[in-house]
Q: 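Sharing a structure with you now.
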Amino acid sequence: MSIAEAESGGSYIRIGENNSMDVPDFPYIAFIEGDGIGQDIWPATRYVIDRAVEKKYRGRRKIYWKEVLAGEKAYESTGEWLPEETLEHIKRCVVAIKGPLTTPVGGGIRSLNVTLRQTLDLYACVRPVRYYRGVPSPVKHPEKVNMIVFRENTEDVYAGIEWKEGSEGAKKIIGFLKKEAGCELPLDSGIGIKPISRRKTFRLVRKALRYAIENSRENLTLVHKGNIMKYTEGAFREWGYELARKEFANFIITEDDLHEKHQGKAPPGKIVVKDRIADAMFQQVLLRPDEYQVIATPNLNGDYLSDALAAQVGGLGMAPGANIGDQCALFEATHGTAPKYAGQNKVNPSSLILSGVMMLQYLGWKEAAEAIEKALEETVSEKIVTYDLARQIAGSQKVGTREFAEALVERL
């Protein structure tokens with residue numbers, strides 16, 4: 001497609017054989033502005049992404065944005081929190097980005113974010129965590145943190161299979177467990193089910209290992225609580241090793257083989273696959289973070305661990321994220337809607353901007369992605385920051401959301 005033709009409209013990304021992605025130079029990408037501070041951080045993010053693409057590709061590439069509705073904006077327009085049309089548009093665009101969404105109070109949708117992940121089968125929550133020079137941190141050596149967490153998105157306790165205390169469903173489950181397993185539970189218990197399956201473990205670990213190979217990472221760690229939950233998280237560990245040995249034998253070496261056969265030194269080009277108990281891993285990422293690069297873990301562990309890692313490098317305001325499946329991907333800010341700050345041109349847009357960086361990397365537009373990361377680090381290191389960082393940095397220049405984006409673009 002010529003540039004002149006592209007100006008009259010973009011093209012849709014196509015999914016090919018083996019879930020490969022064919023990205024045109026002028027793709028349609030869906031966006032959800034988001035609730036609360038979404039009205040502040042999305043325009044800033046879009047401005048930065050568009051300017052980076054413009055500067056790096058000089059008209060050879062351009063994003064055609066398509067707004068789709070979810071959250072409060074959708075409810076006001078359609079009476080639905082998550083219209084079916086929105087899901088269809090995201091599927092057709094293949095790639096989408098969104099601001100934070102509120103969870104409706106009361107019955108109905110439990111969480112818009114969880115619903116999007118489960119409905120679109122975005123099974124991998126991907127959270128890269130690295131330190132940007134100049135960002136305040138509570139640890140001595142935040143620069144040692146450079147990990148990416150692959151968190152399973154659709155199973156574990158987040159599957160949402162549960163019964164309220166006192167409900168008929170809870171009583172039936174309690175009765176069944178007593179009769180069939182001799183398990184005595186208090187009658188006033190709420191009940192939840194924790195499913196973890198071989199198939200969904202395989203596809204998560206497969207995606208994490210492919211990332212490790214494509215990005216020349218040296219190790220992958222399976223994080224689990226299998227010493228206690230042997231048939232769920234313990235199975236996750238066993239299935240993770242099984243998948244690694246079965247599909248990636250030429251690329252990996254297990255930690256046991258590393259020490260038994262290679263004196264602790266990995267052969268060139270081999271990725272070390274190891275595992276850690278979840279509670280021990282929280283110590284490891286604080287005390288020895290440079291020993292871990294790619295993490296694959298069930299849902300709840302990944303939720304805790306990715307936020308704890310983000311705290312080491314400056315908090316959720318500096319933490320990007322994505323939910324990725326085989327047919328589409330949704331990039332998002334990892335923090336909440338902060339409605340009390342909405343419309344004040346005050347908050348830090350870095351989480352969503354860095355999620356935009358992830359999106360550009362996913363498209364294969366690495367030059368634009370690298371330019372944004374470099375410019376953001378330069379901006380922060382020059383102490384040009386929004387209020388959340390300004391109150392922690394002596395001598396800083398406090399700027400608004402728009403002004404921060406403009407300062408970043410000046411440094412592209």
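Side-chain atoms are counted along with the backbone in the values below, which use heavy atoms only and exclude waters and symmetry mates.
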Q: Under the rule for ring pair (Phe, Tyr, Trp, His ring centres under 6.0 Å), what residues qualify as partners of Tyr158, not counting sequence neighbours?
A: none
Q: Please check: side-chain N/O of Thr102 versus main-chain N/O of Asp35, any donor-acceptor pairing under 3.5 Å?
A: no
Q: Using only heavy-atom distances, determine whether the side chains of Asn323 and Tyr123 contain a donor-acceptor pair under 3.5 Å.
A: no
Q: Please report the C-alpha distance between Tyr241 and Asp275 in whole Å, then the side-chain angles of each, then the deciding distance to 0.1 Å, and finally whether the side-chain hydrogen bond (donor to acceptor under 3.5 Å, both in side chains) criterion is met.
A: CA-CA 9 Å; Tyr241 279 120; Asp275 72 278; 2.6 Å; yes
Q: Is it true that a side-chain atom of Thr78 and a backbone atom of Tyr75 form a donor plus acceptor pair closer than 3.5 Å?
A: no
Q: Give a yes or no on whether the backbone of Glu17 and the side-chain of Ser20 come within a donor-acceptor separation of less than 3.5 Å.
A: yes
Q: Would a distance-only check, ignoring hydrogens and angles, find a side-chain to backbone donor-acceptor pair under 3.5 Å from Thr201 to Ser197?
A: yes
Q: Quick one: does Ser381's side chain have a donor or acceptor within less than 3.5 Å of a partner on Glu378's backbone?
A: yes
Q: How about Glu85: does its CD atom have over 12 heavy atoms from other parts shown lying under 6.0 Å from it?
A: no
Q: Indicate yes or no for a side-chain donor-acceptor contact from Asn299 to the backbone of Asp156 under 3.5 Å, with no hydrogens or angles considered.
A: no
Q: Could you tell me whether the side chain of Thr297 and the main chain of Val223 form a donor-acceptor pair under 3.5 Å?
A: yes
Q: So do Val53 and Asp50 actually touch side chain to side chain, heavy atoms under 4.5 Å?
A: no
Q: For Glu152 and Thr154, test the side chains for any donor-to-acceptor distance below 3.5 angstrom and give the result as yes or no.
A: yes
Q: Tell me yes or no: between the side chains of Gln327 and Asn19, is some donor less than 3.5 Å from an acceptor?
A: yes
Q: Below 4.5 Å, heavy atoms only, C-beta onward: do Leu243 and Leu209 meet side chain to side chain?
A: yes
Q: What I want to find out is whether Glu332 reaches Arg117 closely enough, with some N-O distance under 4.0 Å, to be called a salt bridge.
A: yes
Q: Indicate yes or no for a side-chain donor-acceptor contact from Ser167 to the backbone of Trp163 under 3.5 Å, with no hydrogens or angles considered.
A: no
Q: Does Lys62 make a cation-pi contact with Tyr64 (under 6.0 Å, within 45 degrees of the axis)?
A: yes
Q: Taking atom NZ of Lys274 as the centre, does the number of heavy atoms from other residues, nucleotides or ligands within less than 6.0 Å exceed 12?
A: yes
Q: Please determine whether side-chain hydrogen bond (donor to acceptor under 3.5 Å, both in side chains) holds for the pair Glu367 and Tyr57, giving the CA-CA distance in whole Å, both sets of side-chain angles, and the decisive distance to 0.1 Å.
A: CA-CA 9 Å; Glu367 300 85 357; Tyr57 304 118; 2.7 Å; yes
Q: Can you list the steps and then say if Asp388 with Thr386 is a side-chain hydrogen bond (donor to acceptor under 3.5 Å, both in side chains)?
A: CA-CA 6 Å; Asp388 56 317; Thr386 48; 2.6 Å; yes
Q: Does NZ or CZ of Arg206 lie under 6.0 Å from the centre of the six-membered ring of Phe202, at an angle within 45° of the ring axis?
A: no
Q: What I want to check is whether the side chains of Asn345 and Glu403 have a donor and an acceptor closer together than 3.5 Å.
A: yes
Q: Can you check whether Tyr387 and Phe404 have ring centres sitting under 6.0 Å from each other?
A: no
Q: Rounded to the nearest 0.5 Å, what separation is found between the CD atom of Glu410 and the CD1 atom of Ile384?
A: 7.5 Å
Q: Would you call Arg411 and Glu382 a salt bridge, taking side-chain N to carboxylate O under 4.0 Å as the test?
A: yes
Q: Could you tell me whether the side chains of Ser137 and Gln312 share a donor-acceptor contact shorter than 3.5 Å?
A: no
Q: Identify the residue among Lys225, Arg151, Glu233 that makes a side-chain hydrogen bond (donor to acceptor under 3.5 Å, both in side chains) with Asn301.
A: Glu233
Q: Parallel, tilted or perpendicular, judged at 30° and 60°: which one describes the rings of Trp42 and Phe31?
A: parallel
Q: With side-chain contact (heavy atoms from CB on, under 4.5 Å) as the criterion, how do Leu389 and Lys398 come out once you've worked through the C-alpha distance, each side chain's angles and the decisive distance to 0.1 Å?
A: CA-CA 8 Å; Leu389 298 182; Lys398 183 172 72 172; over 6 Å; no
Q: Taking only Lys NZ, Arg NE, NH1 and NH2, and the carboxylate oxygens of Asp or Glu, determine whether Lys366 and Glu370 approach each other closer than 4.0 Å.
A: no
Q: Quick one: does any side-chain atom of Thr334 pair with a main-chain N or O of Gly321 as donor and acceptor, under 3.5 Å?
A: no
Q: For Tyr28 and Tyr12, take the angle between the two ring planes, folded into 0 to 90°, and tell me which bin it lands in: parallel under 30, tilted 30 to 60, perpendicular over 60.
A: tilted
Q: Check the angle between the aromatic planes of Tyr211 and Phe150 and answer parallel, tilted or perpendicular using the 30° and 60° thresholds.
A: tilted
Q: May I ask you to decide whether Lys98 forms a salt bridge with Glu33, counting only side-chain N to carboxylate O separations under 4.0 Å?
A: no
Q: Please check: side-chain N/O of Tyr131 versus main-chain N/O of Val135, any donor-acceptor pairing under 3.5 Å?
A: yes
Q: Could you please spell out the steps behind the side-chain contact (heavy atoms from CB on, under 4.5 Å) verdict for Val145 and Arg130?
A: CA-CA 5 Å; Val145 177; Arg130 56 157 287 194; over 6 Å; no
Q: Under a 4.0 Å N-O cut-off, is there an ion pair linking Arg276 with Glu291?
A: no
